[in-house]
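Numbers restart at 1 for each chain; the letters A, B, ... are given by sequence-line order, proteins then strands.
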Number of protein chains: 2
Amino acid sequence: MTIKNQSPTHSLISEELVPQLADLFSMMGDTSRLRIILCCLHEPISVSHIAEQLDLSQSLVSHHLRLLKAARMVRAERRGKQVFYVAADQHVQCVIEDMAAHVSEPHGVEDD
Amino acid sequence: MTIKNQSPTHSLISEELVPQLADLFSMMGDTSRLRIILCCLHEPISVSHIAEQLDLSQSLVSHHLRLLKAARMVRAERRGKQVFYVAADQHVQCVIEDMAAHVSEPHGVEDD
DNA sequence: CAAACATATGAATATGTATTCAAGTGTTTA
DNA sequence: TAAACACTTGAATACATATTCATATGTTTG
């Protein structure tokens with residue numbers, strides 16, 4: 001999804017969506033949570049595996065996953081004792097990649 | 001930018017980018033700031049115009065714009081007494097639209 | 001059923017941050 | 001230059017929230 005047409009005053013994003021969008025963005029606004037999301041992007045991964053891979057406490061990972069699940073950004077699936085989490089859909093990945101593109105955008109010479 | 005290929009363990013997003021990305025996402029994670037960004041998306045707009053349009057105090061808008069400018073999400077341009085702000089590049093718009101697509105994604109029947 | 005394992009949860013704390021208010025800087029104009 | 005206008009900035013406050021620790025829930029296996 002790249003650039004679209006534009007409406008008169010500002011955007012095609014309806015005002016009612018703003019709180020939902022903000023909630024989702026703030027989910028990704030924490031480094032621990034963003035890393036957790038990245039872990040879940042491509043394939044289901046267990047809580048303990050995430051914790052180990054990111055060197056975070058299991059408790060912390062679980063707390064974050066609860067938020068991410070409530071925000072419908074990840075989906076949980078139980079397999080025996082373990083619970084595997086995976087990203088809910090591909091849009092999250094698109095969002096992250098677009099933002100990465102923004103980061104690597106050449107920034108002109110500004111005077112801060 | 002849509003979906004890309006995927007690397008073995010998790011993503012093609014390098015670990016060093018995570019803090020930068022998280023900072024940008026948390027910029028968009030506040031409703032006031034997200035609304036301000038939307039105001040600046042398509043054309044330069046003055047601080048007072050934003051404040052009026054969103055019914056926020058000029059001071060608050062200015063505080064937020066300072067953060068957004070520091071994060072290189074908007075660019076400032078002085079025109080006489082007024083200062084006009086505009087989104088730095090198109091990626092921000094893409095990010096928002098991708099996220100809006102996520103919101104409107106049909107969510108299966110889950111048991112929270 | 002008891003023990004071991006994996007995850008979830010609640011309370012407590014510490015840190016961050018959105019907002020307001022008052023005052024400051026910069027720009028035009030009378 | 002003084003006054004009016006547009007914006008910025010700093011301090012203060014109130015509120016949110018990331019993390020930890022201890023404990024609880026759920027699941028398999030002996």
Side-chain angles (χ1 to χ4, degrees), chain A residues 18-40 43-86 110-112, chain B residues 18-40 43-86 110-112:
Chain A
V18 171
Q20 291 185 68
L21 291 173
D23 280 348
L24 290 169
F25 284 127
S26 57
M27 282 293 135
M28 310 175 73
D30 175 76
T31 52
S32 299
R33 222 151 38 212
L34 185 53
R35 271 186 257 260
I36 291 172
I37 293 171
L38 290 171
C39 281
C40 300
E43 59 214 350
I45 179 173
S46 72
V47 178
S48 52
H49 196 178
I50 296 172
E52 177 190 29
Q53 192 163 319
L54 300 181
D55 194 38
L56 299 175
S57 77
Q58 204 181 61
S59 172
L60 180 57
V61 172
S62 188
H63 275 296
H64 282 311
L65 283 170
R66 190 166 65 89
L67 297 175
L68 290 170
K69 186 176 150 199
R72 299 185 187 283
M73 300 192 77
V74 299
R75 194 180 296 280
E77 179 196 346
R78 176 138 233 154
R79 296 186 195 168
K81 306 185 212 176
Q82 294 172 298
V83 177
F84 284 72
Y85 285 84
V86 66
E110 285 119 28
D111 28 27
D112 292 301
Chain B
V18 171
Q20 291 184 70
L21 291 174
D23 280 349
L24 291 169
F25 284 128
S26 58
M27 281 295 135
M28 309 174 75
D30 175 78
T31 53
S32 299
R33 221 152 39 212
L34 185 52
R35 271 184 256 263
I36 291 172
I37 292 171
L38 289 171
C39 280
C40 299
E43 59 213 350
I45 179 174
S46 73
V47 178
S48 53
H49 195 177
I50 296 172
E52 177 190 32
Q53 191 163 320
L54 301 181
D55 194 37
L56 299 174
S57 77
Q58 199 184 65
S59 172
L60 180 57
V61 172
S62 188
H63 274 295
H64 282 312
L65 284 169
R66 192 165 63 88
L67 296 175
L68 291 170
K69 186 176 152 200
R72 300 184 186 284
M73 300 192 77
V74 299
R75 193 179 298 278
E77 179 195 346
R78 176 140 233 152
R79 296 187 195 167
K81 304 184 210 176
Q82 294 173 298
V83 178
F84 284 71
Y85 285 85
V86 67
E110 287 120 26
D111 29 29
D112 294 302

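- A donor-acceptor pair under 3.5 Å is absent between the side-chain atoms of B:Arg66 and the main chain of B:Leu68, judged by distance alone.
- Which of C:dA18, D:dT19, D:dC7 sits closest to the side chain of B:Asp30 comes down to C:dA18.
- Picking from C:dA6, C:dT27, D:dT20 the nucleotide with the shortest atom distance to the side chain of A:Leu60 gives D:dT20.
- Look at CZ on A:Arg33: it is 12 Å from C1' on D:dT19, rounded to the nearest Å.
- Put simply, the side chain of A:Arg33 never gets that close to the backbone of A:Ile36: no donor and acceptor are under 3.5 Å apart.
- Of all nucleotides listed (D:dT9, D:dC7, C:dT9), D:dT9 comes nearest to the side chain of B:Arg66.
- Distance B:Gln58 CD to C:dT19 P: 16 Å, rounded to the nearest Å.
- Comparing atom distances between the B:Ser32 side chain and each of D:dC7, C:dT28, C:dT19 picks out C:dT19 as nearest.
- Along DNA chain D, the nucleotide nearest B:Val61 and the nucleotide nearest A:Ser26 are compared for position; the residue whose nucleotide lies closer to the 5' end is B:Val61.
- Closest to the side chain of A:Leu67, out of C:dC21, C:dA8, D:dA18, is D:dA18.
- Remark: B:Ser46 is not in phosphate contact with D:dA6, judged by side-chain N or O atoms under 4.0 Å from OP1 or OP2.
- When side chains are defined from C-beta on, B:Ile50 counts as touching B:Leu65, because their heavy atoms get closer than 4.5 Å.
- Stacking here means ring centres nearer than 5.5 Å and ring planes tilted less than 30 degrees, and by that measure A:His63 does not stack onto D:dT19.
- Of the possible donor and acceptor atoms, one in the side chain of B:Arg78 sits under 3.5 Å from a partner among the backbone N and O of B:Gly80.
- For A:Gln82 and C:dA4, the CD to P distance is 19 Å, given to the nearest whole Å.
- Regarding B:Glu77, its CD atom lies at a distance of 13 Å from the P atom of D:dC7, rounded to whole Å.
- Contact annotation: side chain of A:Ser59 to base of D:dC21, donor-acceptor pair present below 3.5 Å.
- For the pair A:Gly80 and A:Thr31, nearest-nucleotide mapping onto DNA chain D gives the more 5' position to A:Thr31.
- Using a distance-only test at 3.5 Å, with no hydrogens or angles considered, no donor-acceptor pair links the side chain of A:Ser26 to the main chain of A:Gly29.
- Among the protein residues, A:Ser62 comes within range of the nucleic acid bases, having at least one heavy atom under 4.0 Å from a base atom.
- Salt bridge absent: B:Arg75 and B:Glu77 never bring a charged side-chain N and a carboxylate O closer than 4.0 Å.
- Spacing between atom CG of B:Leu56 and atom C1' of C:dT19 amounts to 10 Å, rounded to whole angstrom units.
- Each of D:dT8, C:dG26, D:dT19 was ranked by its minimum atom distance to the side chain of A:His64; first place goes to D:dT19.
- Regarding contacts with the backbone of C:dA8, a side-chain N or O of A:Tyr85 is found under 4.0 angstrom from either OP1 or OP2.
- The interatomic distance linking A:Lys81 (NZ) with D:dT25 (C1') rounds to 15 Å, in whole Å.
- Note: CZ (B:Phe84) to P (D:dA6) measures 11 Å, nearest angstrom.
- Between B:Arg79 atom CZ and D:dC7 atom C1' there is a gap of 15 Å when expressed in whole angstrom units.
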